[in-house]
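Take a look at the structure set out below.
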There are 2 protein chains.
Amino acid sequence: MQRPYQCGIDAAIDVIDGKWKVLVLWALDSGARRFGETKRLLPGISEKVLAQQLRELEADGIVHREVYDQVPPKVEYSLTERGRALNAALAPLNAWGKERIALLEAEAEAEAEAEAATVAAVTAVAPAA
Amino acid sequence: MQRPYQCGIDAAIDVIDGKWKVLVLWALDSGARRFGETKRLLPGISEKVLAQQLRELEADGIVHREVYDQVPPKVEYSLTERGRALNAALAPLNAWGKERIALLEAEAEAEAEAEAATVAAVTAVAPAA
DNA sequence: CGGTATCCCGGTGGATACTG
DNA sequence: CAGTATCCACCGGGATACCG
């Protein structure tokens, strides 16, 4: 995606685009986090990709990178004001997604029950088979 | 992205993931649209990709596909109740994006002015060059 | 009109190894 | 601890052509 944008959504998506971006956002929402700490909050992400995503978010003014000049190295990442605003704007989408998850689970459960009923019926008809 | 989701955002993004999905959502927000009509609203999209995105949105219960059995063929796409809810959940993100666009434009303008000032200064110092 | 079918390219992100 | 460096696989989507 690229400027010029067709609408605000494009501009927002451009910022949160990337497999881990919103997860990073959530991870930092509760306060400043160190690199390794953040990595631990995102099981499966590689260091390369985490660094990438953080750099991009930083370039977009969403996260702040604070380097402490000490040994061993220490770097802290935190949300900027804009990052917190973005996270807030994401809240309704989160709510919608949770509802969707609930619906999907309800469906899966209904299917499982239907299958169980079928198995029971078959067993009743052909118990020796 | 894939189930199980880490949070609601994941579930939502899973649905709107695809280069044109949200644009399709906006296009259908104002009412039912025919295939070609929708295509015209999304300059640059190919028929293959539009069909794909619509099918995926349909599978996720976001759009409804109504086929009219007539010649020439007519198919109408519209948002379902859930689709409208999703669109509503996207509104704050849209607002955030618009703000971002405004900021970017302000920056670009400031840069342009700075450059203009530089050019003016240089011209003033070396008017004959 | 409203699609499928094919082929192909570029970019994202995964795996692994190395470093200040 | 907090990163680079490198190489590579995958697949989303673009171009083009054809069909009921």
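Proteins come first, then strands; the chains are lettered A, B, ... in the order of their sequence lines, and each starts at number 1.
Residues satisfying the side-chain contact (heavy atoms from CB on, under 4.5 Å) criterion with A88(B), sequence neighbours excluded, are absent altogether. With sequence neighbours excluded, the residues that form a side-chain contact (heavy atoms from CB on, under 4.5 Å) with L41(A) are A27(A), R33(A). For A89(A), the side-chain contact (heavy atoms from CB on, under 4.5 Å) partners two or more places apart in sequence, or in a different chain, are P92(B), L93(B), W96(B). With sequence neighbours left out, E113(A) forms a side chain to side chain donor-acceptor pair (under 3.5 Å) with no residue at all. Remark: K39(B) engages no residue in a salt bridge (charged side-chain N to carboxylate O under 4.0 Å, His left out) (not counting sequence neighbours).
Comparing A51(A) and S46(B) along DNA chain D, the residue whose closest nucleotide (by nearest heavy atom) sits nearer the 5' end is A51(A).
For the pair L54(B) CG and dG13(D) C1', the interatomic distance rounds to 15 Å; values are reported in whole Å. L50(A) places its CG atom 10 Å from the P atom of dA2(D), with the value rounded to the nearest Å. To the nearest angstrom, P of dT4(D) lies 10 Å from CD of E47(A). Rounded to an integer number of Å, the gap from F35(B) CZ to dG20(D) C1' is 15 Å. For the pair R33(A) CZ and dA2(D) C1', the interatomic distance rounds to 17 Å; values are reported in whole Å.
Look at R55(A) and you'll find a side-chain N or O under 4.0 angstrom from OP1 or OP2 of dT4(D). Between dA2(D) and R34(A), a contact under 4.0 Å exists linking OP1 or OP2 to a side-chain N or O.
Smallest separation of non-hydrogen atoms from I45(B) and W20(B): CD1-CG, 3.5 Å. The shortest heavy-atom contact between A32(A) and E76(A) is CB-OE1, 3.8 Å.
Rounded to 10 degrees, the angle separating the terminal axes of the helix from dC1(C)-dG20(D) to dG20(C)-dC1(D) is 50°, with each axis obtained from five end pairs.
Against DNA chain D, the stretch residues 63-76 of chain B makes heavy-atom approaches under 4.0 Å through P73(B).
Protein chain A contacts DNA chain C over a range whose 5' and 3' limits, counting nucleotides with an atom under 4.0 angstrom from a non-hydrogen atom, are dG13(C) to dG20(C).
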Give the table of side-chain donor-acceptor pairs shorter than 3.5 Å for residues 56-63 of chain B, with sequence neighbours excluded, one pair per line with atom names and distance.
unit_1: E56(B); atom_1: OE1; unit_2: K21(B); atom_2: NZ; d: 2.8
unit_1: D60(B); atom_1: OD1; unit_2: R100(A); atom_2: NH2; d: 3.3

Nucleotide by nucleotide, 5' to 3', does protein get under 4.0 Å of the base (B), only the sugar-phosphate (S), or neither (-) in nucleotides 7-12 of chain D, counting heavy atoms? B-----
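Hydrophobic cluster membership is shared by L54(B) and V67(B), with clusters built from Ile, Leu, Val, Met, Phe, Trp and Tyr side chains linked at under 4.5 angstrom.
Screening residues 62-73 of chain B for salt bridge (charged side-chain N to carboxylate O under 4.0 Å, His left out) gives no qualifying pairs among residues at least two apart or on separate chains. The salt bridge (charged side-chain N to carboxylate O under 4.0 Å, His left out) contacts involving residues 40-50 of chain B comprise nothing, where partners must be two or more places apart or lie in separate chains.
Within 6.0 Å of atom NZ in K74(A), more than 12 heavy atoms from other residues, nucleotides or ligands are found, so the atom counts as buried in its surroundings.
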Apply the test side-chain contact (heavy atoms from CB on, under 4.5 Å) to residues V75(B) and Y68(B): give CA-CA distance (whole Å), side-chain angles for both, the deciding distance (0.1 Å), then the verdict. CA-CA 6 Å; V75(B) 180; Y68(B) 295 86; over 6 Å; no
